[in-house]
Each structure stands twice: as structure tokens, then as C-alpha cells.
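Reviewing the structure listed below.
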Amino acid sequence: MTIPMTTAPTTPVRTRFAPSPTGFLHLGGARTALYSWAFARHFGGTFVLRIEDTDLERSTPEAVQAIIDGMQWLGLDHDEGPFYQMQRMDRYREVIAQMLEAGTAYHCYCTPEEVEAMRERFREAGEKPRYDGTWRPEEGKTLPAIRADRKPVVRFKNPLDGDVTWHDVVKGPITISNKELDDLVIARTDGTPTYNFCVAVDDWDMRITHVLRGDDHVNNTPRQINILRAIGAELPQYGHLPMILGADGAKLSKRHGAVSVMEYPAQGFLPEAMLNYLARLGWSHGDDEVFSMAQFCEWFNLDHLTASPAQFNNEKLAWLNNHWIKAADNARLAELAKPRLLEAGAVFDGAPDLATVLALLKERAHTVNELADAAMLFFRDPQPDAALMTQHFTDAVKPALAQFAERIATVEWTKEAIAAMLKEVLAANGLKMPQLAMPLRLIVTGQLQTPAIDAVLQLFGRDVVTARVAKYL
């Protein structure tokens with residue numbers, strides 16, 4: 001079920017992408033960032049990047065850089081940020097102090113062991129495990145004596161009755177009873193704030209109007225809504241995107257292949273192909289499969305987000321990558337392919353222009369890596385297999401090769417003129433094209449499979465072809 005949003009929002013759109021830097025930027029996170037970015041771009045709004053780094057044990061500078069690198073590779077430029085939660089501690093403490101004074105938060109002196117014992121009692125009674133409100137101040141209630149040897153946490157005074165309901169722009173209406181929510185810890189004993197509290201304050205301070213995120217956050221949303229209401233903040237609209245599954249229907253993981261965005265450029269994928277593919281994993285625009293990001297931003301709103309999980313298909317991504325490779329500027333492809341060619345031992349001195357070579361080869365390449373592999377035949381000395389040479393360099397074809405060698409000195413060195421000359425040599429010697437093309441391919445490139453022989457010869461140049469044919473005659 002989707003909730004239509006056919007009219008523009010009445011307030012300026014402000015979206016955010018708020019990853020936790022505990023690992024790489026994964027595909028689900030990249031899709032969330034893409035949708036949030038595109039929604040802001042569609043309405044001329046603001047896209048905020050926020051790093052939620054309060055998990056000190058797991059957050060690392062390397063993970064922060066991996067997220068920023070992934071965003072930069074994809075071209076998802078942020079308008080504000082990156083903001084770091086660890087740099088906003090004074091603001092969180094200020095809000096907590098205000099909530100304590102207002103009575104929407106309170107100190108709790110229970111130890112973790114005591115809280116776990118409470119939860120266990122609820123489990124034994126067949127109820128949802130939760131904090132029992134021992135330190136929750138209520139009219140007429142006497143609180144336990146404060147022990148001097150204990151530092152308190154701060155808990156949010158969650159409403160006891162009623163429901164939390166929101167109109168999820170992906171999943172439709174969602175209602176969760178307040179009885180399902182206990183009094184959330186919003187500050188630990190050392191004073192550091194907790195995740196849901198920080199998110200609520202950040203969304204308020206940053207004036208976020210639309211929160212798009214994975215559906216693993218659905219259970220966090222009612223807690224954040226109650227906190228936002230308690231501090232007098234306007235609520236954003238929420239949309240919870242279904243997870244991305246592997247081809248086998250299981251949650252996408254490393255066993256399905258690459259799940260880090262930055263593994264894909266190393267494999268030879270273009271960012272426009274990845275963006276195009278991710279856009280279709282949970283959203284559609286009729287039957288359109290191939291589109292630019294300019295088109296996507298023009299089309300994208302929240303009308304056609306799907307609540308069903310999407311399956312990641314590597315073959316479909318490779319098909320799209322082939323499309324975008326064919327559309328890519330050849331000089332750009334050369335910049336991407338050259339490091340791979342150098343690593344493979346390519347020699348560029350006296351070789352054909354790399355961009356021109358890639359223009360010839362890119363029609364069939366699904367990745368830049370495939371393209372670089374195919375291009376190697378132009379940038380290495382040919383070493384044809386001896387058995388193949390014996391098979392194809394026969395006595396019947398040697399006179400035609402000798403005639404070809406004579407003609408290349410004077411023929412106009414264009415693809416069309418070379419093709420015409422080859423046909424004349426074949427006719428003069430009573431041969432078919434494969435009989436001459438196969439040994440020529442072996443002699444000039446070292447392999448049997450190449451693009452059209454006339455195009456290959458033209459690219460190598462007259463001098464190289466003359467020298468390599470002469471070596472065998």
C-alpha cells in the first residue's frame with residue numbers, strides 16, 4: 001500500500017541521511033540516501049548529511065570516511081553537514097535538563113541487574129519485558145531512597161495510555177500502543193545521550209520534514225514521536241523502506257556478493273548505473289527502466305514507493321552498467337580503465353589511442369574491468385598459441401597473407417579501404433573471410449576473438465601491422 005502525495009508540501013522540504021559509522025555504506029543505506037536526496041531535489045529542498053556517531057565502541061573514523069567516499073562516488077551531494085552527533089553533546093544535555101525540569105523525564109537509580117530482573121519477571125508472567133516504572137514520579141507516589149553510591153540514568157516519561165499513530169508514506173497507517181513502550185533511557189549514567197533521543201532532537205533542530213529510512217526503524221518511530229511531542233516539536237513525515245533481499249529471498253549479505261557500495265567501482269561499475277538500479281529497487285515510473293538522475297529527480301515523489309521487499313539482481317545491474325558504459329564519454333572510460341591496464345602490464349608507447357580502442361570495444365562490456373581486459377590485446381606483444389598457428393597459418397593461406405603484406409604498404413589506412421582490400425585478396429586467392437581473418441588475428445593480436453578485423457587493423461596502425469605480419473612471412 002502506498003500513500004499518495006500528489007501535491008507539493010506546504011513547507012520547504014528538508015530530508016536527511018543519517019548513517020551510523022560502524023561499517024561501510026551498504027546498498028540499503030545508499031538507496032535510502034538516494035531517495036532522500038532525490039525527494040529534496042524534486043521539491044527544491046535541502047538534503048542534510050548527519051553522522052550518528054554516539055556508539056563510541058563501534059564508530060570509527062575509517063567508517064565515517066567510507067560513508068563519505070560512497071556518497072561522493074554516487075554523486076549524492078549534501079546541502080548541509082556533515083553534522084556529527086558527538087559534537088552536539090551540549091545541545092542534548094540542554095534539552096535533557098529542560099525535560100527534567102518540565103517533568104517529561106526523570107532520574108532512575110536502578111542498576112542494570114535490577115532492570116533485567118524486572119524484565120525477567122514480565123517474561124515469566126507471559127508479558128512483554130520492560131522497565132516497571134520504579135523511579136517514575138507520579139502524584140501520591142513515594143519514590144525509593146536515593147543511594148549515594150549510584151549514578152542515575154535519565155528516562156523519558158512515556159505516556160501510559162493511548163496510541164502512537166502515524167501515516168507512513170510507504171507502509172500506510174501504523175498504530176502502536178503506548179503500553180508496548182516502556183520509559184526509554186535517554187541519558188546513560190555518564191551523561192551521554194542515547195540513540196532515539198539524539199535522533200529526535202536532531203530532527204527537530206534541523207527542521208527535518210520527511211524521514212525516509214529502512215523498516216528496521218519502525219519500532220524506533222513511536223519512541224521518537226513521543227519525545228518530539230514532549231519537547232513541543234513538529235513531527236516529520238515518516239516513510240519506512242523495505243529491506244533489499246538477495247536473489248534467494250534472504251536478507252542481502254556478504255554471501256550474495258558485494259554489499260559495500262565502494263566495492264562496485266573496484267569491480268568496474270559506473271555510479272550512474274548503480275543509482276539507476278537502486279532507484280528501481282522500491283520505486284517505479286511506469287515501465288521506465290533506464291533513466292538519468294536528472295530524470296529521476298524530476299519524476300520522484302513518494303507516490304510510487306512500494307512496501308514489498310526488493311530483490312537485488314546482479315545480472316540486471318550488469319545489464320544497466322552495459323547501457324551506461326555504451327553511453328559514457330570515451331575519454332572518461334579511458335581514465336577509469338587505464339589503471340587496470342597498467343596493473344595488467346599494458347604498454348602504451350606506440351600503441352593505439354586508448355579512448356579510441358574503448359569506443360570500439362564498449363558495446364559488449366558489462367563492466368569497466370571487462371572493457372580493460374578486452375583492450376589488453378592492443379597494449380601487449382602478441383603471443384599466439386603455437387597449435388592455433390599451425391591450424392590456421394596453412395600453406396593455402398600463406399600466398400594470401402603475402403599479397404596482403406604487399407597491399408598494406410599502399411592502401412589508404414581507413415576501416416573501409418582495409419575491408420575492400422581484404423575482399424580483393426580473398427577473391428584473388430579463392431578464400432573465405434575466416435580463412436584469412438583468423439591467422440591475421442593471431443599474428444596481429446595473439447588471439448582468435450576480436451572485433452571486426454578491418455577495425456582492429458586500422459586501430460593498430462600500418463607500421464605495427466606491417467611489422468607483425470612480416471615476422472611470420
Side-chain angles (χ1 to χ4, degrees), residues 15-42 47-53 59-60 62-79 81-82 170 210-217 239-247 251-284 289-297 299-300 302 304-306 308-314 316-321 324 367-368:
T15 64
R16 48 78 156 180
F17 178 52
S20 297
T22 55
F24 47 72
L25 177 61
H26 57 78
L27 294 175
R31 182 188 62 173
T32 297
L34 170 61
Y35 286 178
S36 300
W37 173 84
F39 189 67
R41 295 290 172 265
H42 178 81
F47 175 57
V48 177
L49 177 60
R50 187 169 80 217
I51 306 297
E52 299 185 339
D53 56 349
S59 298
T60 66
E62 293 76 17
V64 172
Q65 192 59 50
I67 290 166
I68 292 174
D69 289 345
M71 296 283 284
Q72 288 178 341
W73 179 67
L74 291 168
L76 300 179
D77 53 316
H78 52 275
D79 304 302
V170 179
H210 296 79
V211 173
L212 299 177
R213 57 190 180 189
D215 61 6
D216 53 331
H217 286 281
H240 291 88
L241 305 167
M243 68 176 62
I244 299 174
L245 305 178
K251 183 178 179 181
L252 196 66
S253 65
K254 287 185 178 180
R255 67 187 177 87
H256 295 105
V259 289
S260 166
V261 166
M262 291 309 291
E263 290 180 42
Y264 286 91
Q267 293 180 7
F269 286 88
L270 300 180
E272 53 265 49
M274 177 59 73
L275 290 167
N276 190 165
Y277 184 67
L278 288 176
R280 291 286 283 111
L281 286 180
W283 171 88
S284 64
E289 292 283 353
V290 180
F291 42 83
S292 68
M293 282 302 98
Q295 289 172 309
F296 180 53
C297 291
W299 293 338
F300 186 75
L302 307 180
H304 296 100
L305 292 174
T306 178
S308 303
Q311 286 191 315
F312 194 86
N313 184 305
N314 282 301
K316 182 68 173 292
L317 173 60
W319 174 80
L320 274 172
N321 204 51
W324 288 106
T367 67
V368 176

*Check: Arg31 side chain, Leu281 main-chain N or O, donor-acceptor pair, under 3.5 Å*: yes

*What is the ring orientation for Trp283 with Trp299, classed by angle as parallel under 30°, tilted 30 to 60°, or perpendicular over 60°?*
parallel

*So which heavy atom on Leu49 is nearest to which on Pro19, and how close?*
CD1-CD, 4.2 Å

*Which value, rounded to the nearest 0.5 Å, describes the distance between Leu25 atom CG and Ile67 atom CD1?*
6.5 Å

*Do any N or O atoms from the side chain of Tyr277 and from the backbone of Asn313 form a donor-acceptor pair under 3.5 angstrom?*
yes

_Straight-line distance of Ser308 OG to Met243 CE, nearest 0.5 Å_ = 12.5 Å

*Under 3.5 Å, side chain of Thr367 to main-chain N/O of Gly268, donor-acceptor pair present?*
no

*Give a yes or no on whether the ring-centroid distance for Tyr264 and Trp73 is below 6.0 angstrom.*
no

*Any donor and acceptor pair, going by atom type alone, linking the side chain of His26 with main-chain N or O of Ser260 inside 3.5 Å?*
no

*Between the side chain of Tyr35 and the main-chain N/O of Ala279, is any donor-acceptor distance below 3.5 Å?*
yes

*asked:* My understanding is that only residues two or more places apart in sequence, or in another chain, count here; which of them pass side-chain contact (heavy atoms from CB on, under 4.5 Å) with Gln65?
replied: Ile68, Asp69

*Can you tell me how far the CE atom of Met71 sits from the CH2 atom of Trp37, to the nearest 0.5 Å?*
10.0 Å

*For Pro309, does its backbone N or O pair with a side-chain atom of Asp215 as donor and acceptor, under 3.5 Å?*
no

*When rounded to the nearest 0.5 angstrom, what distance separates CZ in Phe296 from CG in Leu278?*
9.5 Å

*Does Ala63 have any side-chain contact (heavy atoms from CB on, under 4.5 Å) partners at least two apart in sequence or in another chain, and if so, which?*
Pro21, Thr60

*How long is the gap from CD1 on Ile244 to CG on Leu27, to the nearest 0.5 Å?*
6.0 Å

